[in-house]
Amino acid sequence: MKLATWNVNSLKVRLPHVLDWLAANQPDVLCLQETKLQDENFPIAEIAASGYQTIYTGQRTYNGVAVLSKQPGIELVTGIPALDDPQKRVLSAIYDDIRIICIYVPNGEKVGSEKYQYKLRWLAALKDWIRDMLARHEKLVLLGDFNIAPDERDVHDPKLWEGQVLFSLPEREAFQEVLGLGLLDSFRLFEQPEKSYTWWDYRMMGFRRNMGLRIDHILLSRELAKICTACVIDKTPRKLERPSDHAPIMVELGKL
DNA sequence: ATGGCTGTTCTTAACAGA
């Protein structure tokens, strides 16, 4: 089974990239963030023509998440149940017995800002919810754009980013607390190339100079980590014309 | 120190993203 996540930064603009990527990689499940589409504008027909069905929750201009899958999911959840949040950032369903949770964590803008406080509150609510979900689902995947680089290895210039949003200690601690519930960072289960990132700034030739951050993640419950055989960041779509600033990541799971 | 790209909007300037 192949599970993937990709912040597409506007599905309207990136739909051709997504369809090409689906055809080339054939994931069983692909989670998308920053679709930036209201539900009535979601391109279900184009995606269905590629052999995928979709669940989605979106809004105008900002945020929006979707889960594309070969098989239908059950027990859909939209948003973090205990969090009263109009922003469309969370979508979850069960696929092939696995509870998939697609998230788009708030960016946080700047350490100390109102949006940063919202990010930390949001992460605290996420932790409480994931604790509940793990108690109910041994097979669980939490994946998406976390907007947190967990470790110095995940930052092209840790000195420059020290204390900055996406790499500040409170954010990294919140990430570790989620892991502490019983999740593993699939990317670090395997040997990886040095300087592996999932996001590069559009400006200053960030991608060409590999000035990136690893802020998109696929976290696996212990049960699933045991059967995970690979985790790969695919930089191919980042090289296309008009790319998303994020690259997709994919894990492969063997038989239970 | 700043702004640097990109996408979106009751657009052509302002904002948010990371």
Side-chain angles (χ1 to χ4, degrees), chain A residues 5-18 31-43 56-66 85-90 102-123 126 143-175 187 195-218 233 235 237-249:
Chain A
T5 181
W6 193 3
N7 179 325
V8 290
N9 185 18
S10 169
L11 184 57
K12 183 182 170 189
V13 174
R14 232 65 68 192
L15 185 60
H17 291 189
V18 171
C31 297
L32 302 179
Q33 301 84 36
E34 285 207 86
T35 55
K36 300 188 180 180
L37 289 174
Q38 297 186 92
D39 290 349
E40 55 267 35
N41 298 330
F42 202 94
Y56 45 89
T57 179
Q59 63 187 87
R60 207 187 56 166
T61 315
Y62 305 118
N63 312 314
V65 285
D85 185 3
Q87 301 191 25
K88 306 299 189 188
R89 298 181 173 278
V90 175
C102 168
I103 63 170
Y104 174 46
V105 176
N107 164 281
E109 192 197 17
K110 192 171 189 288
V111 171
S113 68
E114 184 54 47
K115 286 175 185 170
Y116 183 77
Q117 297 306 327
Y118 163 64
K119 180 178 192 174
L120 294 180
R121 283 199 309 276
W122 197 96
L123 288 165
L126 176 73
L143 72 172
D145 179 356
F146 285 67
N147 270 320
I148 301 171
D151 192 89
E152 295 201 348
R153 289 178 292 178
D154 305 315
V155 179
H156 69 93
D157 185 346
K159 280 270 184 293
L160 180 72
W161 281 88
E162 189 179 342
Q164 302 296 312
V165 74
L166 311 183
F167 191 54
S168 73
L169 278 180
E171 293 166 85
R172 293 163 64 190
E173 282 166 7
F175 185 84
F187 190 73
K195 303 181 191 305
S196 286
Y197 309 121
T198 64
W199 170 86
W200 301 261
D201 204 308
Y202 282 125
R203 299 164 294 185
M204 295 177 69
M205 297 188 292
F207 182 66
R208 199 182 303 184
R209 299 158 71 187
N210 199 29
M211 294 169 59
L213 304 176
R214 193 176 70 93
I215 54 177
D216 302 84
H217 308 290
I218 302 180
I233 298 168
K235 289 163 74 170
R238 190 61 176 79
K239 300 169 184 169
L240 299 170
E241 287 287 312
R242 276 189 103 182
S244 167
D245 42 0
H246 295 252
I249 329 165

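Order of the sequence lines sets the chain letters (A, B, ...), proteins ahead of strands, with each chain counted from 1.
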Within the structure shown, what part of the strands sits under 4.0 Å from [X] by heavy-atom distance: base, sugar-phosphate, or nothing?
X      : answer
A/N107 : base
A/D145 : sugar-phosphate
A/F167 : nothing
A/N7   : sugar-phosphate
A/E34  : sugar-phosphate

For residues 158-170 of chain A, tabulate all N or O donor-acceptor pairs below 3.5 Å that involve a side-chain atom, not counting sequence neighbours.
unit_1 : atom_1 : unit_2 : atom_2 : d
A/W161 : NE1    : A/H156 : NE2    : 3.1
A/S168 : OG     : A/Y116 : OH     : 2.7
A/S168 : OG     : A/E171 : OE2    : 2.4

Worksheet item: Heavy atoms, side chains only, cut-off 4.5 Å: are A/K12 and A/L37 in contact?
Response: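 When only atoms from C-beta onward are counted, A/L37 and A/K12 do touch, with a gap below 4.5 Å.
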Discussion item. For a 4.5 angstrom cut-off between non-hydrogen side-chain atoms, does A/D151 reach A/F175?
Written reply: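 A/D151 vs A/F175: side chains apart.
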Worksheet item: Starting at the 5' end of DNA chain B, which residue's closest nucleotide do you reach first, A/N9 or A/Y62?
Response: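 Per heavy-atom nearest nucleotide, the more 5' residue is A/N9.
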Span that lies between the [atom1] atom of [M] and that of [N], in whole angstrom:
N      : M      : atom1 : answer
B/dA1  : B/dG7  : P     : 30 Å
B/dA16 : B/dT11 : C1'   : 15 Å
B/dA14 : B/dC10 : P     : 16 Å
B/dT6  : B/dT12 : C1'   : 16 Å

Fill in: Within 6.0 angstrom of A/E241 CD, more than 12 heavy atoms from elsewhere
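Check fails, neighbour count at 12 or below.
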Discussion item. Are there over 12 heavy-atom neighbours, none belonging to A/E152, within less than 6.0 Å of that residue's CD?
Written reply: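 Counting neighbours around CD of A/E152, 12 or fewer heavy atoms of other residues, nucleotides or ligands fall under 6.0 Å, so no.
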Worksheet item: Which is the 5'-most and which the 3'-most nucleotide of DNA chain B that has an atom under 4.0 Å from a heavy atom of chain A?
Response: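 Under 4.0 Å from chain A, the extent on DNA chain B is B/dG4 to B/dA18.
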Worksheet entry | Residue list, side-chain contact (heavy atoms from CB on, under 4.5 Å) with A/L240, at least two apart or on another chain |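 A/L240: side-chain contact (heavy atoms from CB on, under 4.5 Å) contacts with A/H17, A/P237.
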